[in-house]
Amino acid sequence: MAQALPRNSEVADQLELLADLLELTGEASFRVIAYRRAAQRARESAGSIAQLALDGRAKELPGIGKTIEEKIVQIVDTGEIAALTKRKAEVPPEVVEFMRLPGLGPKTAARLWHELGLTTLAALKAAAEQQRLRALPGFGARSEERILKALAEERGPAEVRPLLGTGLPVALAVVEELRRGPLVDKVSEAGSVRRRRETFRDLDLIATSSDPAALTAHFVSLPFVVEVVAHGDTKATVISTDGLRFDLRVVPPESYGNLLQHFTGSKDHNVALRERAVKDGLSVSEYSITVVETGEELRYATEAEVYARLGYEWIPPELRENTGELEAARRNELPKLVEQREIRGDLHLHSDWSDGRATLEEMALAATARGYAYIAITDHSYRLHEGRLAAQDEEVARLNELLAPFQILRGVEVNIRADGSLDLTDEELASRDWVIASLHTSFDRSPTERVLAAMMSPHVDCIGHLTARKLNKRPPADVDVERVLAGALETGTFLELNGQPDRLDLRDAHARAAGEAGVPVLVSSDAHRPHALSYLDLALSQARRAWLTRAQVLNTRTWPQIQKMMKR
DNA sequence: GCCGTTTTCGGCCCGACTGTTTTCAGTCG
């Protein structure tokens, strides 16, 4: 391989910083927006954006044109965008930090810098304390207080976004609780949790009610509420016992569709939707669609009607990220996304034969309770040396007799060592019905090469949690996903979408690339205890975000059907 | 800076809230 290319995150960071600096120096806002959009596109791109730019194909991505493609090539050639180097010399580095304080934007940051000569956070704090900010027109005592408060909070621990796996069950339980009550007509989760994004900031709920004030009063009195942040007749914000932030908005029934659509987002989806609507003479807001020419206000009780009036088929929330779903929906070409009831089994589970917390039997019974036809028991290889594999096989045989026609497959999760070899012998691997190979250590040591080497083994059926990331804890290993996809196709190896709440790995963009490349994706729980079998639902939600259909998800098939697709 | 079923030039979502103002700019989602 040639020299290491800059990672997508590095490219995105430089574009983002350039946008910040341009904004601070008063550049036209649409240029700034263009750089921000390109940064996001780079961050979400599955393949190497740098490689695409070198090949002259980055400008095929929406939001990236000739100019930005050239700037990405500059990063490859010289390490930094030339314009960024120039701008960095003009703006003191901490002035960029001003903009990150809540309530402070580029205009205010620039004024603090230019009109008061403030260039560091320490100087800003001192000026606010000495009440020197109020000398600026438009600034008062409250502005100073607000900035001091923001500065104090900035010193706290870095903000972490809670995991979908933490918030989703709670959100759904609250929705169910409200639905059972007498005051609610319709209720739904909204926002990023409805789109099943891997993390969230707060949990949004939307409801209709004949008595909105009574409903919000009921909501803030629910047992899970430990703190009421805000409480009005149609809106309430509370903190739950888990420390999660909930927003409930009660809306009129006749525009429930408009509001649910609006509050589900994403922002980018809504902006693109509205830009297109303007061209059609329509103005979209959270309350209605306005026919500009006549002033007619169109309110709809369902989302499907909102999308239909704008010329789209209904778009599943998981797809609403402005990554092609609007164009596809306009042509009636959205994929039929995989559904939970189509899943027939789970091929990544642990028991107390390795680091699981339950017996094999308990795990198997939990799987039958979920309606599965089969599971694979895939305990870690490091605990299955010296005859323990054979011993576990006897236990599997006993349970299979007991639970038939339910079937337990003899699997293993084999470790990919730092040198790319596997820590079980070929004979041991050959004795398995199903083999997952995963990285568990030395993530910075040639992860791509090690995964490619593992895939070359005739016994490895699937690669587990490809990048080994742990959300909020450990960054993803620097895996070249495009090369892995090519290797997977070549060798006939499947890729896993692991459903552990802090993994969700393959991530959505990578799973989508796998689907487009034609690599079957396994959705699995990686459960270490019975209740964790539900993690498969989280994996499934990410598969839906990746546009995957039933056919693209491996374990929508029977075990004999899967066997026919395996390399051996 | 990007983009095209009006357009290769001239556009580029919409409304709520805040703080400081007498009519609005800036910020946020």
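Numbers restart at 1 for each chain; the letters A, B, ... are given by sequence-line order, proteins then strands.
Between Q74(A) and Q14(A), every side-chain heavy-atom pair lies at or beyond the 4.5 Å cut-off. Between D20(A) and V91(A) the shortest side-chain heavy-atom distance does not fall below 4.5 Å.
On the C1' atoms, dT7(B) is 9 Å away from dG11(B), given to the nearest whole Å. Here the separation of dT18(B) from dC12(B), taken at their P atoms, is 29 Å to the nearest Å. Separating the C1' atom of dG10(B) from that of dT20(B) is a span of 35 Å, rounded to the nearest Å. Across the P atoms, dG19(B) and dG4(B) are found 41 Å apart, a figure rounded to whole Å. Taking atom C1' in both dG26(B) and dT21(B), the straight-line distance is 13 Å, to the nearest Å. Between the C1' atoms of dT8(B) and dC3(B), the separation comes to 9 Å (whole Å).
If you take CG of L310(A) and P of dC14(B), they are 12 Å apart, rounded to a whole angstrom. dC13(B) atom P lies 12 Å from atom CG of D268(A), rounded to whole Å. Across the protein-nucleic acid pair, F200(A) atom CZ and dG29(B) atom P stand 16 Å apart, rounded to whole Å. Look at CZ on R142(A): it is 18 Å from C1' on dA25(B), rounded to the nearest Å. The CD-C1' distance, from E327(A) to dC3(B), rounds to 12 Å in whole Å. As rounded to whole Å, 16 Å separates atom P of dG1(B) from atom CD of E16(A). Atom NZ in K279(A) sits about 8 Å away from atom P in dC12(B), given to the nearest Å. Note: NZ (K267(A)) to C1' (dT27(B)) measures 11 Å, nearest angstrom.
Remark: ring of F30(A) stacked against base of dC12(B); centroid gap under 5.5 Å, plane tilt under 30°.
Across all strands, I64(A) comes closer than 4.0 Å only to sugar-phosphate atoms, never to a base (heavy-atom distances). Within 4.0 Å of A110(A), counting heavy atoms only, lies no atom of the nucleic acid at all. Contacts of V271(A) with the nucleic acid, taken as non-hydrogen atoms under 4.0 Å apart, include base atoms. Among the heavy atoms of the strands lying under 4.0 Å from K107(A) are primed sugar atoms or P, OP1, OP2 only; no base atom is included. Looking at heavy-atom distances under 4.0 Å, V32(A) makes no contact with the nucleic acid at all. Across all strands shown, L104(A) has heavy atoms under 4.0 Å from sugar-phosphate atoms exclusively, and none from any base. Contact annotation for P137(A): no contact, since no heavy-atom pair falls under 4.0 Å across all strands.
Here the CD-CG distance, from E321(A) to D508(A), works out to 7.5 Å after rounding to the nearest 0.5 Å.
The side chain of S285(A) places no N or O atom within less than 4.0 Å of a non-bridging phosphate oxygen (OP1 or OP2) of dC13(B). Within the 4.0 Å cut-off from OP1 or OP2 of dC13(B), not a single side-chain nitrogen or oxygen of S283(A) is found. Between Y287(A) and dA16(B) there is a side-chain N or O to OP1 or OP2 distance below 4.0 Å. An OP1 or OP2 oxygen of dG1(B) is reached within less than 4.0 angstrom by a side-chain nitrogen or oxygen of R31(A). For the OP1/OP2 pair of dT20(B) and a distance below 4.0 Å, the side-chain nitrogens and oxygens of S143(A) include at least one atom meeting the criterion.
Comparing H262(A) and K59(A), the nucleotide of DNA chain B nearest to each residue sits closer to the 5' end for K59(A). Closest-nucleotide positions on DNA chain B for T67(A) and E144(A) were compared, and the one nearer the 5' end corresponds to T67(A).
Ion pairing between E69(A) and K66(A) fails under the 4.0 Å rule for side-chain N and carboxylate O.
The two residues L118(A) and F98(A) have their closest heavy-atom pair at O-CE2, 3.7 Å.
Between E198(A) and the choices R545(A), R503(A), R469(A), the salt bridge (charged side-chain N to carboxylate O under 4.0 Å, His left out) rule is met once, by R469(A).
Nearest nucleotide to the side chain of T108(A), out of dG29(B), dT27(B), dG15(B): dT27(B).
dA16(B) and dT27(B) make up a base pair, with Watson-Crick or G-U wobble contacts both under 3.5 Å.
Geometrically, R330(A) engages Y312(A) in a cation-pi contact defined by less than 6.0 Å to the ring centre and at most 45° from the axis.
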